Amino acid sequence: HTSDVLILPAYTKNSTFAGNIIVDGTSAITFGSNGGKVILDSSNFQNISKTGSYNPTIKKLELQNVGAVCTLNVPLSVTDSIIFTSGYLATDTTNLLTIPDNCKVSGASNYSVILGPIKKIGNDAFTFPFGEVWTGPPPIFAVPDYVYHPLTISAPTNATDAFTAQYFS
């Protein structure tokens, strides 16, 4: 006899993930559904992927990947907040990061950005935290691997308005 099992990762406490996150299941999974935060903390490349039928959702996400890239191999929605401390999150048109209405984004810089497209839903003014590989001439001082290229939009009319954007150098 089998029954459904409810799994609540990062439910009320912050959880640090230094390796890949692979979601495998036949029901929806939300990380941090009661206030906990998912912290990506690795100096190595990471992936977020799935083998089951449902895409994961993360309520609160913080990047602390000191120079490393975490690649989305699954579409991901972050519903409450994203904090960019260090490291990068790579997306593509299939494995898109969606930021719904009222989700807060903070801390983006040359040392922590999104590499690839982002979908923003909602009626709030928003700054897309884009980055791209440094392609300038060799500088006389150290530069990060990627460069922050913010794009700001004014507040749309409706909470259901959606914009998908990507930076290209």
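Remember, predicted model here, so these are calculated numbers, not experimental data. Side chains are part of it too, since the values below use all heavy atoms of this structure and drop only hydrogens, waters and symmetry mates.
Using a 4.5 Å cut-off between side-chain heavy atoms of Ile, Leu, Val, Met, Phe, Trp and Tyr, with links allowed through other members, L72 and I121 fall into different hydrophobic clusters. Y54 and I58 fall into different hydrophobic clusters, defined by Ile, Leu, Val, Met, Phe, Trp and Tyr side-chain heavy atoms under 4.5 Å apart, directly or through other members. The hydrophobic cluster containing I39 does not contain L63, counting ILVMFWY residues as joined when their side-chain heavy atoms lie under 4.5 angstrom apart, directly or transitively. Under the 4.5 Å side-chain contact rule for hydrophobic residues, L96 and I114 do not share a cluster.
Partners of T152 according to the side chain to side chain donor-acceptor pair (under 3.5 Å) rule, which considers only residues two or more places apart in sequence or in another chain, are T127. Residues that satisfy the ring-ring contact (aromatic ring centres under 6.0 Å, His included) test with F128, not counting sequence neighbours, are F126, F130. Listed by chain and residue number, nothing satisfies the side chain to side chain donor-acceptor pair (under 3.5 Å) test with T157 (two or more places apart in sequence, or in another chain). In this structure, the side chain to side chain donor-acceptor pair (under 3.5 Å) partners of N73, at least two apart in sequence or on a different chain, are N47. Partners of Y148 under the ring-ring contact (aromatic ring centres under 6.0 Å, His included) rule, at least two apart in sequence or in another chain, do not exist in this structure. Evaluation of the salt bridge (charged side-chain N to carboxylate O under 4.0 Å, His left out) rule for K37 yields E62 as partners, not counting sequence neighbours.
Across all non-hydrogen atoms, the minimal contact from K50 to N55 is NZ-OD1, 2.8 Å. I48 approaches C70 most closely through the heavy-atom pair CG1-SG, 3.8 Å. Here the closest non-hydrogen pair linking V23 and I29 is CG1-CG2, 3.3 Å.
Relative orientation of the F31 and F17 rings is perpendicular, given thresholds of 30° and 60° on the angle between their planes.
Note: L115 CG to E132 CD = 7.5 Å, rounded to the nearest 0.5 Å.
Residue K119 qualifies as open at atom NZ: its count of foreign heavy atoms under 6.0 Å is 12 or below.
The backbone N or O of T79 sits nowhere less than 3.5 Å from a side-chain atom of S77 that would complete a donor-acceptor pair.
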Between S81 and K60, does a side-chain contact (heavy atoms from CB on, under 4.5 Å) hold up when you go through it step by step?
CA-CA 5 Å; S81 59; K60 296 178 181 180; 3.5 Å; yes
